[in-house]
Amino acid sequence: MSKLQPVRGTRDIYGQLAYRHHHIIDTSFEVCRRYGYDRISTPIFEFTNVFLRSIGETTDIVSKEMYSFEDRKGESLTLRPEGTAGVVRSLISNGRFQELPLKQFYAGPMFRYERPQKGRYRQFHQIGAEYLGAEEPRSDVEAISMAFNVLQALGLDKSISLEINTLGDEDSRSAYRDALVAYFAKYKNDLSADSQMRLEKNPLRILDSKNETDKEISSQAPAFEAFLNASSKTYFENVCKGLENLGLSYVLNDKLVRGLDYYSHSVFEFVTNELGAQGTVLAGGRYDGLVQQMGGKPTPAIGWAAGIERLEMLMPDLAEDLPVTMMMPIGETTFSEAEKLMHDLRSAGHKVISDYAGNLKKRFARADKVGAKLAIILGEEELSKNVVMLKNMKTGEQDEVEINQLEKKIRENHES
RNA sequence: GCGGGUGUAGCUCAGUUGGUUAGAGCGCUGGUUUGUGGUACCGGAGGCCGUGGGUUCAAAUCCCAUCAUUCGCCCCA
C-alpha cells in the first residue's frame with residue numbers, strides 16, 4: 001500500500017467515474033457550442049508571471065497554493081491553478097483582438113496545493129467558458145443562462161440554486177473598500193485572525209467569513225449599495241432584468257465575493273447544499289480589467305468555470321449507451337469466420353465484443369454481466385449452413401439468420 | 001496551514017476484557033456430464049489487519065510516529 005500510491009490529492013479516473021467525467025465535458029461543450037463557443041486548449045503550465053499578474057498576488061491561490069518550479073533553464077513555470085489566465089494570455093499572445101468577440105470553451109486539469117477533501121483535489125478538473133469582448137449586460141445574462149443550461153443538460157438544475165452579486169466598477173469598489181477598512185478597523189481586535197489578515201489584503205472577503213463574531217460585525221458593515229455609482233447600479237439592474245426576462249430565478253447575495261482579484265460588476269455562483277463545504281459547483285463573473293492588466297488592449301469579458309469532480313458527485317450513475325452484441329464462436333474451426341463477421345459489423349458501426357472461453361453457460365452469464373442486447377452463436381453446424389443463431393438476450397428468442405442478412409437484422413433490432 | 005474521525009480480502013464491513021491456523025456478505029473463479037444466461041446448490045482463490053517503531057510471554061486489538069482518507073476551519077470549482 002505504501003509503495004505505489006498516487007500523489008496526495010490526485011486520483012485515477014476510470015470506470016463509472018470516467019463515464020461521468022467525459023459525459024460532463026461532452027454535454028457541456030454541446031450546450032456551449034449552441035451559443036457560438038469554440039474549444040480552446042491552452043498549455044497546462046505557463047510562466048509563473050501569467051498567474052501572478054492575473055489572479056492577484058495577495059490571493060491564497062497565488063501566495064500559497066501554486067505548483068511552481070524552475071525548468072532546466074531556470075525559468076519559473078507554474079501548473080495552471082485556473083483556466084482564465086491562460087485563455088487571456090492566449091488572446092494576447094496570438095493577437096486575436098481583431099477576432100473579438102471570442103467565445104471559448106475549455107476543459108482540463110488544474111492544480112492547487114490545498115488540503116484534500118471530498119470534492120477537493122490537488123489535481124482537479126474544470127470546464128469553463130470565457131466570453132472575451134463581451135460588453136453589454138446582455139452578455140452577462142447570456143453567460144449565466146448558458147451556465148444554467150449546462151447544469152440543466154446534466155440533470156442538476158434541481159439540486160442547485162443561483163446566487164448573484166455585483167462588485168461594481170473600479171471606482172465603486174475602491175470607494176467601498178476604503179469604507180470597509182475604516183469600519184472594520186474599529187473592531188480589529190475582535191475579528192478572527194484570518195479576518196485581521198484580510199483587512200490588509202482583501203477586506204471584501206471579511207464579508208464572506210464563516211466565523212460567528214465576524215458575521216456579527218459584518219452585519220453592521222456599510223452596504224455596498226451606497227457606494228455603487230450610477231452606471232454600475234444601472235448595469236447590474238439590467239443584468240437582473242435580463243435574468244428575469246429568461247425566467248431564471250436567482251438570489252441576491254451581497255456577501256458574495258469572488259476570491260480572484262480580477263472580477264468586477266457581476267459575479268455569480270451556482271451552489272448546492274449536498275456537498276458540505278464544497279457547495280460551490282459553478283462560479284464566475286465579469287473581469288473587464290484583466291486583459292489590459294495583462295498587457296492587452298482594454299477588453300471587457302465575462303466567464304465561469306465549474307468543478308468536474310463536484311458535478312460528478314451530484315450525478316446519478318451512467319450506463320453504456322451503445323447496444324452491445326456478444327459474439328460466441330464454438331470450436332476453433334469457426335473462429336476465423338467469427339473474426340471476419342465482427343470486423344464487418346464494427347465497420348458498419350456496431351459495438352461487438354467476443355467471448356471465446358468456456359462453455360456456453362459461462363459465456364451467457366458473462367454476456368449478461370456486460371449488458372449485451374444480442375448474442376451471436378456460431379458453431380460448426382451454423383457455419384456449414386452459412387447462418388448464425390441470433391439471440392435477443394432480453395426476450396430469450398433466438399433465430400437462424402443468414403450471414404449476409406446479419407448486419408441488417410442487428411440494425412433492425414436496435415431500431416425497434 | 002489548523003482541529004477532529006477513520007484505515008482489517010477487489011468492494012461494504014464484523015472481530016468480544018490483548019490469547020492458538022483473522023471472519024461474513026457481495027464480487028471473482030471452478031463444478032452440478034454433451035451447444036444456451038439472468039435463479040438454486042457445492043467447491044476454490046484472495047489478507048505483511050495502511051506503514052514504521054514501542055509496551056507485553058502474547059498485539060488487528062494498547063502507546064508513539066508516519067502516510068492516506070474523511071469532516072469542519074481556511075480557500076475555492
Side-chain angles (χ1 to χ4, degrees), chain A residues 1-11 15-16 24 55 59-65 81-84 107-128 147 151 160 192-195 197-198 202 205 208-212 214 256-260 268-272 275-285 303-314 326 328-331 334 355 357-372 374-382 389-398:
Chain A
M1 283 297 242
S2 66
K3 276 183 186 163
L4 276 181
Q5 287 181 331
V7 173
R8 182 167 161 85
T10 68
R11 62 175 184 171
Q16 179 59 222
I24 287 168
I55 300 171
T59 60
D60 279 31
I61 294 180
V62 166
S63 61
K64 49 192 191 200
E65 295 180 356
E82 58 103 41
T84 304
M110 307 291 166
F111 305 83
R112 290 183 201 170
Y113 191 87
E114 290 185 283
R115 176 107 172 219
Q117 238 175 74
K118 190 174 193 162
R120 195 167 92 180
Y121 299 88
R122 288 184 174 179
Q123 173 176 336
F124 61 105
H125 300 78
Q126 288 187 329
I127 51 170
L151 294 169
I160 46 93
S192 65
D194 286 325
S195 286
M197 296 285 288
R198 293 180 183 119
N202 192 348
R205 291 212 66 87
D208 221 11
S209 175
K210 285 174 191 164
N211 178 285
E212 285 305 320
D214 289 357
L256 177 60
V257 180
R258 314 267 27 261
L260 288 68
F268 56 95
E269 291 189 355
F270 284 88
V271 298
T272 174
L275 297 179
Q278 278 66 246
T280 301
V281 151
L282 182 155
W304 52 255
I308 293 181
E309 285 79 2
R310 294 183 185 181
L311 296 171
E312 247 164 39
M313 290 192 292
L314 296 170
M326 179 69 89
M328 302 178 187
I330 304 165
T334 66
D355 192 348
N359 57 36
L360 277 188
K361 187 180 173 76
K362 297 271 180 257
R363 297 201 231 178
F364 272 103
R366 285 191 287 257
D368 261 330
K369 188 136 293 175
V370 301
L374 295 171
I376 298 170
I377 300 146
L378 178 61
E380 286 169 23
E381 209 178 297
E382 286 82 7
M389 298 299 298
L390 183 63
K391 175 163 177 166
N392 181 316
M393 293 294 285
K394 196 174 171 190
T395 64
E397 288 167 25
Q398 104 181 8

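First the proteins, then the strands, lettered A, B, ... as listed; each starts at 1. For the numbers below, each heavy atom of this structure counts, side chains included, while hydrogens, waters and symmetry mates do not.
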Q: Taking A:Arg310 for its side chain and A:Val281 for its backbone only, find out whether a donor-acceptor pair lies under 3.5 Å.
A: no

Q: Round to a whole Å and report the spacing from CD of A:Gln117 to C1' of B:U6.
A: 14 Å

Q: Pairing check on B:G18: which nucleotide meets the Watson-Crick or G-U wobble criteria with it, both distances under 3.5 Å?
A: none

Q: In B/S/- notation, 5' to 3', how is nucleotides 33-44 of chain B contacted by protein heavy atoms closer than 4.0 Å?
A: --BBBB------

Q: Taking atom types as they are modelled, is there a donor-acceptor pair under 3.5 Å from the base of B:C76 to the side chain of A:Arg205?
A: no

Q: What residues form a side chain to side chain contact (heavy atoms under 4.5 Å, CB included) with A:Glu114, not counting sequence neighbours?
A: A:Glu65, A:Arg112, A:Arg120

Q: Hunt down the Watson-Crick or G-U wobble partner of B:C74, both distances under 3.5 Å, from any strand shown, or write none.
A: none

Q: With sequence neighbours left out, write down each residue that passes salt bridge (Lys or Arg N to Asp or Glu O under 4.0 Å) with A:Lys118, or none if nothing qualifies.
A: none

Q: Under the salt bridge (Lys or Arg N to Asp or Glu O under 4.0 Å) test, which residues partner A:Arg122, sequence neighbours left out?
A: none

Q: 5'-most contact on RNA chain B: A:Gln126 or A:Lys118, nearest heavy atom basis?
A: A:Lys118

Q: For A:Arg8 and B:U66, what is the distance between atoms CZ and C1' respectively, to the nearest whole Å?
A: 12 Å

Q: What I want to check is whether an N or O donor and acceptor connect the side chain of A:Arg115 with the base of B:C76 at under 3.5 Å.
A: no

Q: Hey, does A:Ala367 reach any base, or is it just sugar-phosphate, or nothing, if we go heavy atoms under 4.0 Å?
A: nothing

Q: Just checking A:Gly9: base, sugar-phosphate only, or nothing, at a heavy-atom cut-off of under 4.0 Å?
A: sugar-phosphate

Q: Distance check, P atoms only: B:C28 and B:G38, in whole angstrom units.
A: 13 Å

Q: Give the rounded distance in Å between these two atoms: CZ of A:Phe124 and C1' of B:C75.
A: 11 Å

Q: What residues form a side chain to side chain contact (heavy atoms under 4.5 Å, CB included) with A:Pro109, not counting sequence neighbours?
A: A:Ile44, A:Arg80, A:Phe111, A:Gln123, A:His125

Q: Rounded to the nearest Å, what distance is computed from the CD atom of residue A:Glu269 to the P atom of nucleotide B:A77?
A: 8 Å

Q: Check every strand shown and say whether A:Gly331 touches a base, only sugar-phosphate, or nothing at a heavy-atom separation below 4.0 Å.
A: nothing

Q: Could you work out, with salt bridge (Lys or Arg N to Asp or Glu O under 4.0 Å) as the rule, every residue matching A:Arg115, not counting sequence neighbours?
A: none

Q: Tell me whether A:Arg11 contacts the main-chain N or O of A:Pro6 through its side chain, where contact means a donor paired with an acceptor under 3.5 Å.
A: no

